[in-house]
J.: 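Pasting in a structure now, in structure tokens, and then I'll have a few things to ask.
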Amino acid sequence: MSTSAGSGRAHPLVGRAAELDDLDELLSVVAGGGGATVLIEGECGVGKSSLVGALRGGAHLLDVELCVARADEADRRPFAMLTAALLGPSGRATSSPVGAELTSLLDALGDDPTGAAVLVERAGELFAALVRHRGDQHPWVLVLEDVHLADDASLQVLLRLAHEGAVSRALVLATMRPVPYRPALAEVVTAWTRAGARYLELRPLSARASLDLAETMVGGVIGPALRGTVATAGGNPMLITDVVRTARRTGAVVVLDGVHDTPDPGWLVALDAVVRARLDYLPAEVRLLLGQASVLGSSFVISDVAALSGEPVAGCWRTLRHAMAAGLVHARGDRLVFRHDLVRGALYDGLDPSGRRALHARAAWALREAGAPVHVVAGHLDRAR
Ligand SMILES: Nc1ncnc2c1ncn2[C@@H]1O[C@H](COP(=O)(O)OP(=O)(O)OP(=O)(O)O)[C@@H](O)[C@H]1O
Ligand SMILES: [Mg+2]
């Protein structure tokens, strides 16, 4: 098992040795006076923050300061993301002339939204100068977490800096989910790309690493039933941890001859509820359509979902493109396949029983019209009762 201790995490990082090696190498480059930018993109819960967190040990060893900013959807104030990273937790820094000017500009921006454009422009220049010169004394890492949620003014600063190339004596690490799409962020990513930034797409864990993570959490070998449930997480470490934590919390884990397993499936109802709550970040129409699609099984044809939902194919396709970008389904010819069977099961479980029966009845009709085999149609009719 590949692990990286020392990140302050409850359990070790699995399956990310190659990514960590790459980032550690860049840390050395920065410690030696260079500059680099890395964009880390991946689906919800795939382990972006954990990977970045695992760099702490290396940064400490190389005496490189780590500065972390996390964009927050609820905080739309101009420069909210950069303020937290560069002016400290209080958001005020009066000890340097630039910090003092920024502090008063941000105060003025809070008090007087009129004339804001001039103030935002000046504050943007100062933030860019802070980032540009912070490494003059000492190399550093700027972690920008969840830039897909960043305020527009912070994104403008990043754009300005990206046009100048990599920040010298700094490793800039930005993490983002692929959705929601933001044109202002796309512009920054394009500029970073042109400036030679690395792009690291964080993929789901392999089946082996998924099992390693579950067994590390449980503290022993896991049996076939629990292993089967872990496999439905599609390699997403957040979902794997949800599986193990929920199995434990509900008292479902039984240890027999040193093997940890969940022989009674009753706890899966609680797991479905946990997994559904993980989907709250998706727009309601995406959750609704995926819920309807879940009736068709772990893969489905788009025109069948359209017939089922009563929506035009083009509209369904638009909605499902969002689900594809989010990494919840992927395309195989004219089919879409749920990437995590755990998610499909949770959505199916979340349908209210009478609505679910009606959907099965409509599925039977739609599939018969489309020429599906008799036994498949009969299966839906059974569940429509
Ligand atoms: N490689 C890994 N090994 C072990 N545990 C992991 C790994 N990656 C992630 N985890 C665990 O999975 C959960 C989700 O990870 P993390 O928060 O890093 O994901 P993320 O991609 O940053 O999610 P988000 O999209 O919500 O920001 C955490 O509990 C974390 O400890
Ligand atoms: Mg994260």
Side-chain angles (χ1 to χ4, degrees), residues 1-24 38-58 66 68-74 81 84-85 141-150 173-182 185 199-219 222 229-230 232-249 271 274-282 286 322-323 325-328 339-340 342-343:
M1 176 175 32
S2 55
T3 62
S4 159
S7 58
R9 304 150 35 75
H11 40 89
L13 198 66
V14 304
R16 299 294 190 214
E19 290 85 352
L20 260 180
D21 281 352
D22 278 355
L23 294 180
D24 274 334
V38 185
L39 177 62
I40 302 174
E41 188 175 25
E43 68 184 53
C44 168
V46 79
K48 303 174 291 293
S49 302
S50 303
L51 179 66
V52 167
L55 275 185
R56 276 185 191 287
L66 209 81
V68 182
R70 185 179 300 277
D72 179 354
E73 201 169 11
M81 179 175 76
V141 182
L142 174 60
V143 178
L144 302 165
E145 278 265 44
D146 301 330
V147 286
H148 57 286
L149 303 176
L173 291 175
T175 67
M176 64 183 263
R177 291 184 188 169
V179 290
Y181 174 79
R182 304 244 327 260
L185 175 60
Y199 175 73
L200 200 169
E201 187 186 351
L202 210 51
R203 316 275 308 162
L205 296 178
S206 66
R208 181 68 246 170
S210 299
L211 189 59
D212 280 345
L213 173 55
E215 294 196 327
T216 307
M217 288 184 74
V218 166
I222 63 176
T229 308
V230 167
T232 63
N236 182 299
M238 173 189 72
L239 294 177
I240 296 168
T241 52
D242 282 343
V243 167
V244 175
R245 285 193 187 129
T246 309
R248 279 221 183 107
R249 176 172 59 79
L271 178 60
V274 170
V275 172
R276 274 198 303 279
R278 293 294 194 188
L279 302 176
D280 280 353
Y281 75 97
L282 291 170
V286 177
H322 189 108
L328 290 168
R339 275 226 37 253
H340 325 83
L342 189 56
V343 168

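Just follow the structure's listing: the first ligand is 1, and inside any ligand the first atom is 1. Position 1 is the first residue of the sequence; numbering continues from there.
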J.: Does Gly42 reach ligand 1, in the sense of a heavy atom lying below 4.0 Å from it?
T.: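 Per 4.0 Å heavy-atom rule, Gly42 does not contact ligand 1.
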J.: Can you tell me if Asn236 uses its side chain to pair, donor with acceptor, with the backbone of Leu239 under 3.5 Å?
T.: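 It does hold such a pair.
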J.: State the atoms of ligand 1, each with its element, that fall below the 4.0 Å cut-off from a heavy-atom position in Ser50.
T.: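 Every atom of ligand 1 under 4.0 Å from some heavy atom of Ser50: 8 (N), 9 (C), 10 (N), 15 (O), 16 (P), 18 (O), 30 (C), 31 (O).
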J.: Check ligand 1 against Val14 and write out every atom of the ligand that is under 4.0 Å from a heavy-atom position of the residue.
T.: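 By the 4.0 Å cutoff, the relevant atoms are 1 (N), 2 (C), 3 (N), 4 (C).
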J.: Tell me whether Lys48 contacts the main-chain N or O of Gly42 through its side chain, where contact means a donor paired with an acceptor under 3.5 Å.
T.: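 Yes: the side chain of Lys48 pairs with the backbone of Gly42.
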J.: For Arg177, take its heavy atoms, then give the atoms of ligand 1 lying under 4.0 Å from any of them.
T.: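 Matching atoms, with element in brackets: 24 (P), 25 (O), 26 (O).
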J.: Taking both backbone and side-chain atoms of Cys44, is any N or O found less than 3.5 Å from an N or O belonging to ligand 1?
T.: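 There is no such contact.
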J.: Can you find a heavy atom in the side chain of Asp146 that is under 4.5 Å from one in the side chain of Met81?
T.: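 A side-chain contact is absent here, since even the closest heavy-atom pair is not under 4.5 Å.
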J.: If we only count heavy atoms from C-beta on, is the Leu173 to Leu55 side-chain gap below 4.5 Å?
T.: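 A side-chain contact exists here, since the closest heavy-atom pair is under 4.5 Å.
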J.: Between Arg70 (side chain) and Glu145 (backbone), is there a donor-acceptor pair under 3.5 Å?
T.: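 Pair absent, no side-chain N/O of Arg70 close to backbone of Glu145.
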J.: If you measure every N or O of Arg245 against every N or O of ligand 1, does any of those distances drop under 3.5 Å?
T.: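 It does not: no N or O of Arg245 is found under 3.5 Å from an N or O of ligand 1.
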J.: Mark the output for Ala209 as yes if a heavy-atom distance to ligand 1 is under 4.0 Å, and as no if none is.
T.: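 Ala209: no contact with ligand 1 (<4.0 Å).
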J.: Under a 4.5 Å cut-off applied to non-hydrogen side-chain atoms, are Met238 and Cys44 in contact?
T.: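 The answer is yes, as the side chains (C-beta and beyond) meet within the 4.5 Å cut-off.
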J.: Do Leu205 and ligand 1 have an N or O pair less than 3.5 Å apart?
T.: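 Leu205 vs ligand 1: no N/O contact under 3.5 Å.
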J.: Arg203 side chain to Gly235 main-chain N or O, any donor-acceptor pair under 3.5 Å?
T.: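 Checked: no pair found.
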J.: I want to check something: taking the side chain as every heavy atom from C-beta on, are Arg278 and Val343 in contact at a cut-off of under 4.5 Å?
T.: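 Counting from C-beta outward, Arg278 and Val343 never come under 4.5 Å.
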J.: For ligand 1, which atoms sit closer than 4.0 Å to a heavy atom of Arg16?
T.: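 Answer for ligand 1: 1 (N).
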J.: For the Mg ion (ligand 2), does an N/O/S atom of Ser49 lie at less than 2.8 Å?
T.: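 Of the N, O and S atoms in Ser49, at least one lies under 2.8 Å from the Mg ion (ligand 2), which means yes.
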J.: Does the Glu43 side chain pair with the main chain of Leu328, one donor and one acceptor, at a distance under 3.5 Å?
T.: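 Answer holds: no.
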J.: With respect to Leu213, determine whether any N or O atom, backbone or side chain, lies less than 3.5 Å from an N or O atom of ligand 1.
T.: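 By distance alone, the answer is no.
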J.: Go through ligand 1 atom by atom and flag the ones less than 4.0 Å from a non-hydrogen atom of Pro12.
T.: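 Reading through ligand 1 atom by atom, the close ones are 3 (N), 4 (C).
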J.: If you define the side chain from C-beta out and look only at heavy atoms, does anything of Asp22 sit under 4.5 Å from Leu200?
T.: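 SC-SC contact between Asp22 and Leu200 ruled out.
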J.: Give the numbers and elements of all ligand 1 atoms closer than 4.0 Å to a heavy atom of Asp146.
T.: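 This gives 27 (O) as the contact atoms.
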J.: Check this for me - ligand 1, Gly45, N or O atoms closer than 3.5 angstrom, yes or no?
T.: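 The answer is yes, given that Gly45 and ligand 1 share an N or O pair closer than 3.5 Å.
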J.: Please list, in number order, the atoms of ligand 1 under 4.0 Å from a heavy atom of Ser49.
T.: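 Result: 18 (O), 20 (P), 22 (O).
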